[in-house]
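The block underneath contains the structure these notes are about, expressed in structure tokens.
All chains are named by letter (A, B, ...) in the order of the sequence lines, taking the proteins before the strands, and each is independently numbered beginning at 1.
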Amino acid sequence: MNDMGFMRVKVFRFDPTKDQNPYYETYEIPYEKDMRVLDALVSIREIHDCNLAFRHSCRRRRCGMCGMLVNGKAVLACHEAAFSDMVVEPLPKLPVIRDLIVDTKSYEQKINELRPYLERKKAETEPELIKPYDMLPLRQLQTCIECYLCMSVCPVLELGWPGFAGPSALVQMARRALDPRDLLERTAERTDNNFVDCVSCYSCVNVCPVKINVLEDAVEPLKAQRQKKVIGRWARFNSVFVELVRDRALVNPTVWMLKAFSIPVLFNNIFVGVRFLMKGKISLKSKNVPNIEDIKKIYKATEVKK
Amino acid sequence: MKRAYYPGCSPKSTTREADYVSRKVITRFGVELVELEGAACCGAGEIRSTHPDIFSSLNARTLAMAEKLGLDVITICATCQLNLAEVNKRIKEDQKVSDHVNQILSECDMKYGGGVEVKHLLWFLLDEIGPAKIVSEISRPLSSLRVAPFYGCHMLRPVELLGFDDPDSPTSLKRFIEICGAEAVDCDGKTKCCGFHNVASNSKLACQLTGSYLEEATAMQADCIVTPCPLCFTMFDGYQKESGKLLGKTFHIPVFHIAQLLGMAMGMTWRDLMLERHIISPKGLFEKLGWV
């Protein structure tokens with residue numbers, strides 16, 4: 001901000017119907033205390049260019065329409081504090097319709113593929129009894145405003161990984177899969193790629209404006225459902241891992257992979273294995289750990305509780 | 001100064017050098033490490049996803065072992081740090097969770113009262129040892145070395161739980177590299193994911209993520225990569241060739257654990273640093289530095 005109380009804002013501009021390439025325009029606008037990024041954009045539109053395009057509606061983190069990048073960080077413009085010399089860009093990885101407006105059709109498609117509605121055998125009767133305790137796991141998930149900030153930072157979506165639904169879609173899937181009224185076998189009918197390929201990086205959690213812990217509240221419960229039925233490769237790895245900790249306390253990756261990998265997968269990893277072996281990185285021996293009985297007792301105690 | 005030490009699974013198997021060198025380095029600062037013998041795996045991404053009670057109880061047991069010794073815990077793995085910190089926070093903040101976990105722990109006559117702090121070695125070095133004391137132990141500053149930092153997701157996110165660094169613009173590893181006398185190469189991918197937690201179930205996906213950072217670090221002409229996480233190390237060192245193959249490139253960029261980078265600056269030998277265990281040999285780098 002300069003001495004005159006003005007701030008500079010650099011904004012991404014692009015109209016695919018007119019411009020060959022995107023470009024950036026810098027605007028000077030009056031700064032006001034507690035100004036949000038959205039206020040700055042409105043100000044630019046009023047003072048400099050009424051054609052600047054961006055989506056917004058509620059101005060209070062409810063509608064999820066004003067997602068964009070500010071200095072490379074995915075934020076909601078209505079919530080993020082404005083500051084001088086900020087760079088405002090559209091959410092990445094999506095086609096730009098105009099300026100800061102992106103086409104989110106591909107994300108909506110991913111959500112629709114997961115059938116984001118309750119499936120029942122017959123229509124519910126009124127009044128339907130819903131126990132508050134049953135709805136607890138859904139409480140945070142129901143606050144999702146579908147702003148897609150999480151989708152814009154997901155590294156697996158960035159790679160365009162085939163089949164992967166992405167964080168926002170998985171929140172919608174978990175809302176139904178964890179709902180006791182839903183009768184679909186949602187996790188069983190999907191493939192590993194759909195949700196198990198989440199890399200647990202917490203990037204989505206880091207940007208969520210309504211503080212949904214996508215990993216712990218959606219992805220992990222979905223994985224747990226799938227593991228219970230031991231469906232797919234990941235579930236098999238998981239079962240072997242859990243058993244190894246029970247029996248040896250620490251996991252020896254060599255033993256884990258030998259027990260969990262199928263022969264073709266072992267064969268595919270043979271070069272990595274040989275390299276590791278030559279450097280003394282892998283061994284079939286596992287060190288004896290003291291008090292291993294304690295771990296077995298913990299496992300037993302949790303089984304009883306279930 | 002005395003601390004409980006929890007190395008976790010990887011430094012006890014594939015990355016034994018991380019365990020060995022971390023102990024060597026920390027002793028130089030007069031810190032006595034008491035290893036929590038008998039502590040179990042932190043549950044990684046596997047047990048934490050599917051068996052929440054076992055996950056909480058195993059980590060609470062580790063914390064209880066440290067509490068019995070009256071010592072705070074040092075970890076050397078980002079995922080162990082995350083899991084221990086998460087269970088610790090839940091137990092400290094929620095009496096119901098504490099009661100539930102302690103009821104399970106009572107089966108093995110243990111109890112955790114929430115009196116322990118968990119800190120990764122990198123944070124411990126920067127926070128409690130401090131730059132001045134670290135510099136005083138450095139005999140061979142890495143002045144001509146360009147080092148690309150790679151944080152590892154679970155050192156940064158979720159910030160509400162870890163909170164040492166800004167998850168979007170972290171500085172701890174940069175500061176650490178500079179204390180060692182080297183130049184930190186600022187790669188955009190430093191806060192991204194290496195894919196380790198999916199390497200068993202989908203190695204192509206993991207190698208693609210690892211390859212992206214290797215590509216960036218190579219383009220930025222970094223001499224090597226340093227990471228505070230042995231799991232990220234395993235990807236960058238152990239799967240470097242596979243990642244290159246997948247992207248149609250040939251990478252050769254050595255990777256170091258943080259303790260190894262500091263150990264190099266402290267004048268430790270090739271053998272003491274256990275560098276013969278690296279898949280990507282740093283021999284060329286040592287030659288460049290005139291140490292061979």
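Contact tally against chain B (heavy-atom pairs below 4.5 Å) for A:N291, A:V289, A:V272: the top residue is A:V272. Ranked by non-hydrogen atom pairs under 4.5 Å with chain A, the options B:G38, B:S49, B:A40 are led by B:S49. For the set B:S13, B:P158, B:C193, the entry with the most heavy-atom pairs within less than 4.5 Å of chain A is B:P158. Interface summary for chain B: among A:S286, A:C201, A:P221, the most heavy-atom pairs under 4.5 angstrom belong to A:C201. The candidate with the highest count of non-hydrogen atom pairs below 4.5 Å against chain B, out of A:L250, A:I282, A:T254, is A:L250. When B:G43, B:G195, B:C42, B:P167 are compared by the number of non-hydrogen pairs under 4.5 Å with chain A, B:P167 comes out ahead. When each of B:G45, B:S203, B:S57, B:A200 is checked for heavy-atom pairs under 4.5 Å with chain A, B:A200 comes out on top.
Contact annotation for B:E37: both backbone and side-chain heavy atoms come within less than 4.5 Å of a heavy atom of chain A. For a residue to count as touching a neighbouring chain, one of its non-hydrogen atoms must lie under 4.5 Å from one of that chain's; by this rule A:K223 touches chain B with backbone and side chain alike. No part of A:E293 comes within reach of chain B, as not one of its non-hydrogen atoms sits under 4.5 angstrom from that chain. For A:S203, the parts lying under 4.5 angstrom from a heavy atom of chain B are both the backbone and the side chain. For a residue to count as touching a neighbouring chain, one of its non-hydrogen atoms must lie under 4.5 Å from one of that chain's; by this rule B:D109 does not touch chain A. The part of B:L82 that comes within reach of chain A is its side chain, from C-beta onward, which places non-hydrogen atoms under 4.5 angstrom from that chain. Residue contact with chain A, scored on non-hydrogen atoms closer than 4.5 Å, is absent for B:A206. Interface residue B:R277: backbone and side-chain heavy atoms are both found under 4.5 Å from chain A. Heavy atoms closer than 4.5 Å to chain B are found nowhere in A:K285, neither backbone nor side chain. The contact between A:V251 and chain B is made by backbone and side chain atoms together, counting heavy-atom distances below 4.5 Å. Only the side chain of A:R233 has a heavy atom closer than 4.5 Å to any heavy atom of chain B.
Atom CD of A:E185 is surrounded by 12 or fewer heavy atoms from other residues, nucleotides or ligands within 6.0 Å. Around the NZ atom of B:K204, the shell of radius 6.0 Å holds no more than 12 heavy atoms that belong to other residues, nucleotides or ligands.
Within the model, atoms CG of B:D237 and CZ of A:F276 stand 7.0 Å from one another, a figure rounded to the nearest 0.5 Å. Here A:W256 contributes atom CH2 and B:C9 contributes atom SG; the two are 10.0 Å apart, rounded to the nearest 0.5 Å. Rounding to the nearest 0.5 Å gives a distance of 13.0 Å between NZ of A:K296 and SG of B:C108. Atom CG of residue A:L159 and atom OG of residue B:S212 lie 5.5 Å apart, to the nearest 0.5 angstrom. Distance check, rounded to the nearest 0.5 Å: OH of A:Y299 to CD1 of B:I54 gives 4.5 Å. Taken to the nearest 0.5 Å, the CZ atom of A:R248 stands 14.0 Å off from the SG atom of B:C41.
Legend: side chain to side chain donor-acceptor pair (under 3.5 Å) pairs involving residues 75-90 of chain B, not counting sequence neighbours, sorted by first then second residue: B:R48-B:N83, B:R48-B:E86, B:T75-B:Q81, B:T79-B:H154, B:T79-B:H197, B:E86-B:R90, B:N88-B:Y112.
Within the 4.5 Å cutoff, the side chain of A:F271 has heavy atoms near those of the B:E242 side chain. Annotation: side chain of B:R61 is in contact with side chain of A:I298 (closest heavy-atom distance under 4.5 Å). A heavy-atom distance below 4.5 Å is not found between the side chains of B:C153 and A:Y202. A 4.5 Å side-chain heavy-atom check between A:V205 and B:R157 finds every atom pair outside the cut-off. Considering only heavy atoms from C-beta on, A:K279 stays 4.5 Å or farther from B:E17 through its side chain. By the 4.5 Å heavy-atom criterion applied to side chains, A:F164 and B:L205 are not counted as neighbours. Inter-residue side-chain proximity for B:E46 and A:Q227 is flagged as unmet; no heavy-atom pair is nearer than 4.5 Å. At a threshold of 4.5 Å between non-hydrogen side-chain atoms, the residues A:V199 and B:K192 do not count as touching.
Using a 3.5 Å distance cut-off with no hydrogens or angles, the side chains of B:D168 and A:N206 do pair a donor with an acceptor. For the residue pair A:N238 / B:T50, a side-chain donor-acceptor distance below 3.5 Å is found, with atom types taken as modelled.
Judged purely by atom type and a 3.5 angstrom limit, A:R275 has no side-chain atom pairing as donor or acceptor with the backbone of B:I279. At least one donor-acceptor pair under 3.5 Å links the side chain of B:N198 to the backbone N or O of A:D197.
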Just do the side chain to side chain contact (heavy atoms under 4.5 Å, CB included) check on B:E160 and A:K211 with the steps written out, would you?
CA-CA 10 Å; B:E160 292 79 8; A:K211 303 284 172 217; 3.7 Å; yes
inquiry  = Before you tell me yes or no, could you show the steps for B:M110 and A:D294 under side chain to side chain contact (heavy atoms under 4.5 Å, CB included), namely the whole-Å CA-CA distance, both residues' side-chain angles and the distance that decides it to 0.1 Å?
reply    = CA-CA 9 Å; B:M110 293 182 90; A:D294 283 358; 4.2 Å; yes
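Between A:F241 and B:A44, the shortest heavy-atom distance links the atoms CZ-CB, 3.8 Å. The minimum heavy-atom distance between B:S201 and A:W234, with the atom names listed, is OG-CD1, 4.0 Å.
Proximity to chain B among residues 147-158 of chain A is limited to A:P155, A:V156, A:E158, judged by heavy-atom separations below 4.5 angstrom.
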